[in-house]
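What you see is a predicted model, and the numbers here were worked out from it, not measured in a lab. Throughout, protein chains are lettered first and strands after them, A, B, ... in sequence-line order, and every chain is numbered starting at 1.
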Number of protein chains: 2
Amino acid sequence: MADKHELRDKGLRLTPQRELVLSAVRELGHATPEEVAEQVRATHPGINLSTVYRNLETLENVGLVQHTHLGHGGATYHAAEELTHLHLVCSDCGSVGDAPIGAAANFVQNLADDYGFKTDVTHFAVYGLCAACVK
Amino acid sequence: MADKHELRDKGLRLTPQRELVLSAVRELGHATPEEVAEQVRATHPGINLSTVYRNLETLENVGLVQHTHLGHGGATYHAAEELTHLHLVCSDCGSVGDAPIGAAANFVQNLADDYGFKTDVTHFAVYGLCAACVK
DNA sequence: GCCGAAGTTGCGAAGGACTTGCAAGTAGCA
DNA sequence: TGCTACTTGCAAGTCCTTCGCAACTTCGGC
Ligand SMILES: [Mn+2]
Ligand SMILES: [Mn+2]
Ligand SMILES: [Zn+2]
Ligand SMILES: [Zn+2]
């Protein structure tokens, strides 16, 4: 549920649509704009898809949500608090597994040391074959 | 330049368009379908974009090219031989740097050991801030 | 509480990036 | 040389995301 103050505190106006979009992202864990819209429509049937897109962008600008790429195209949205894990996406079966960010700590450190590159490991999924499909 | 035999050897028919698409991918290093089309048009002005898409797909199916995601959307194509490095994409300035695959060896090993996940580190770029933009 | 400026919404239309159907053309094998 | 399966160009069609705009809210000030 979106607390009214957190939106106002970020300098955003409080509209039912905006609260609902944020709530939906939190409830869904990660979701495409289309899925967010569908979820919001459960309580607010009239919401327009473009309103969902606009609010996702606005919420991302103030850091309340963030997007990730799990598949070959588009984006999926997470609540910012939730971005504490990596996504392991299987190229074969499409499954999305989680791994703690720490699993990449070493890698991130290497890139920082050797290239001065500050890696955001959550923006793109980690792509490959899941344990089940390796066999 | 695409050697005629390598296409035939993969069971593909040899068309000028197909050879040119493969050559273009090799010359460009990594390129979007649009960029490949533009490159091909230098010697074969009439080539249709859909022919480029179809051939990229065909060439990917037989393993001569491969696609990667460097940006937030679409795909860019590489010659299969060239996929020996990671891409470090800067979220700020958009630059695309390279790093040897080995930089991720440790990470890949971790995921294999802990999750049985076989990682393809080249499919998605490594996203973050380049050294210049970190400052 | 009421007002007005600025921000937001819904809707329809536009964009951009592929994908598809199809008729004409071509490669490759006999 | 001929046949058949594969390819191509072209036009149209999808799918996903963004825009323009008029109507409508929100919210700080009065
Ligand atoms: Mn992909
Ligand atoms: Mn992105
Ligand atoms: Zn799998
Ligand atoms: Zn940069």
Side-chain angles (χ1 to χ4, degrees), chain A residues 2-25 30-41 43-62 64-77, chain B residues 2-25 30-41 43-62 64-77:
Chain A
D3 169 17
K4 298 189 185 317
H5 292 321
E6 72 187 317
L7 290 172
R8 302 298 310 282
D9 289 352
K10 298 287 189 177
L12 298 181
R13 289 208 179 167
L14 202 61
T15 69
Q17 291 89 337
R18 188 162 289 162
E19 285 190 270
L20 288 164
V21 166
L22 179 52
S23 298
V25 171
H30 41 73
T32 62
E34 193 68 55
E35 290 165 341
V36 170
E38 194 178 332
Q39 171 83 4
V40 171
R41 287 199 187 107
T43 59
H44 188 109
I47 197 169
N48 193 276
L49 232 203
S50 61
T51 300
V52 172
Y53 274 98
R54 286 187 282 228
N55 276 315
L56 287 171
E57 186 182 356
T58 301
L59 293 170
E60 183 159 35
N61 286 338
V62 300
L64 287 170
V65 309
Q66 222 170 302
H67 79 264
T68 305
H69 301 273
L70 300 183
H72 299 232
T76 65
Y77 287 82
Chain B
D3 168 19
K4 299 190 183 316
H5 293 322
E6 72 188 322
L7 289 172
R8 303 296 311 282
D9 288 351
K10 298 287 188 177
L12 297 181
R13 286 206 182 170
L14 201 61
T15 68
Q17 291 89 337
R18 187 162 288 162
E19 286 190 271
L20 288 164
V21 166
L22 179 52
S23 297
V25 170
H30 41 73
T32 62
E34 192 69 55
E35 289 164 343
V36 170
E38 195 179 332
Q39 171 82 6
V40 172
R41 288 200 187 107
T43 58
H44 188 110
I47 196 169
N48 194 274
L49 233 202
S50 62
T51 299
V52 172
Y53 275 101
R54 286 187 282 225
N55 275 316
L56 287 171
E57 187 181 353
T58 300
L59 293 170
E60 184 159 33
N61 286 338
V62 300
L64 287 170
V65 309
Q66 220 170 306
H67 79 264
T68 305
H69 301 273
L70 299 183
H72 299 231
T76 64
Y77 288 81

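- Side chain of B/Tyr53, nearest nucleotide from C/dC18, D/dT8, C/dT9: C/dC18.
- Look at B/Arg18 and you won't find any side-chain N or O under 4.0 angstrom from OP1 or OP2 of D/dC6.
- Residues B/Leu7 and B/Leu64 meet the side-chain proximity criterion, which asks for heavy atoms closer than 4.5 Å.
- Among the protein residues, A/His72 comes within range of no part of the nucleic acid, since none of its heavy atoms lies under 4.0 Å from any strand.
- Atom CD of B/Glu38 has 12 or fewer neighbouring heavy atoms from other residues, nucleotides or ligands inside a 6.0 Å radius.
- Summary of the strand contacts: B/Leu49 and A/Asn48 both lie near DNA chain C, and taking for each the nucleotide with the nearest heavy atom, the more 5' one is attributed to A/Asn48.
- Protein atom NE2 of A/His44 is 12 Å distant from nucleotide atom C1' of D/dC24, rounded to whole Å.
- Here C/dA24 presents its C1' atom at 14 Å from CD of B/Gln17, a figure rounded to the nearest Å.
- Nucleic acid contact class of B/Gly73 (heavy atoms, under 4.0 Å, all strands): none.
- The aromatic rings of A/His69 and B/His72 sit perpendicular, their planes meeting at an angle over 60°, well past the 30° parallel limit.
- Rounded to an integer number of Å, the gap from B/His67 NE2 to C/dC18 C1' is 13 Å.
- The distance from atom CD1 of B/Ile47 to atom C1' of C/dG25 is 15 Å, rounded to the nearest whole Å.
- Below the 3.5 angstrom threshold, one finds a donor paired with an acceptor across the side chain of B/Arg54 and the base of C/dG21.
- Atom CG of A/Leu7 is separated from atom P of D/dT26 by 13 Å (rounded to the nearest Å).
- Going from atom CG of A/Leu12 over to atom C1' of D/dT25 covers 15 Å, rounded to whole Å.
- One N or O donor and one acceptor, one from the side chain of A/Ser50 and one from the base of C/dC11, sit under 3.5 Å apart.
- B/Leu22 places none of its side-chain heavy atoms less than 4.5 Å from the side chain of B/Asn55.
- Between B/Val25 and B/Leu59 there is no side-chain heavy-atom pair separated by less than 4.5 Å.
- Distance, B/Glu60 CD to C/dC18 C1': 14 Å, rounded to whole Å.
- Neither OP1 nor OP2 of C/dT26 sits under 4.0 Å from any side-chain N or O of B/Thr15.
- At a threshold of 4.0 angstrom between heavy atoms, the contacts of A/Gly46 are confined to the sugar-phosphate backbone, with no base atom among them.
- Rounded to whole Å, the distance from CG on B/Asp9 to P on C/dG28 is 12 Å.
- Each of A/Val52 and A/Arg13 lies near DNA chain C, and the nucleotide nearest A/Arg13 is the one positioned closer to the 5' end.
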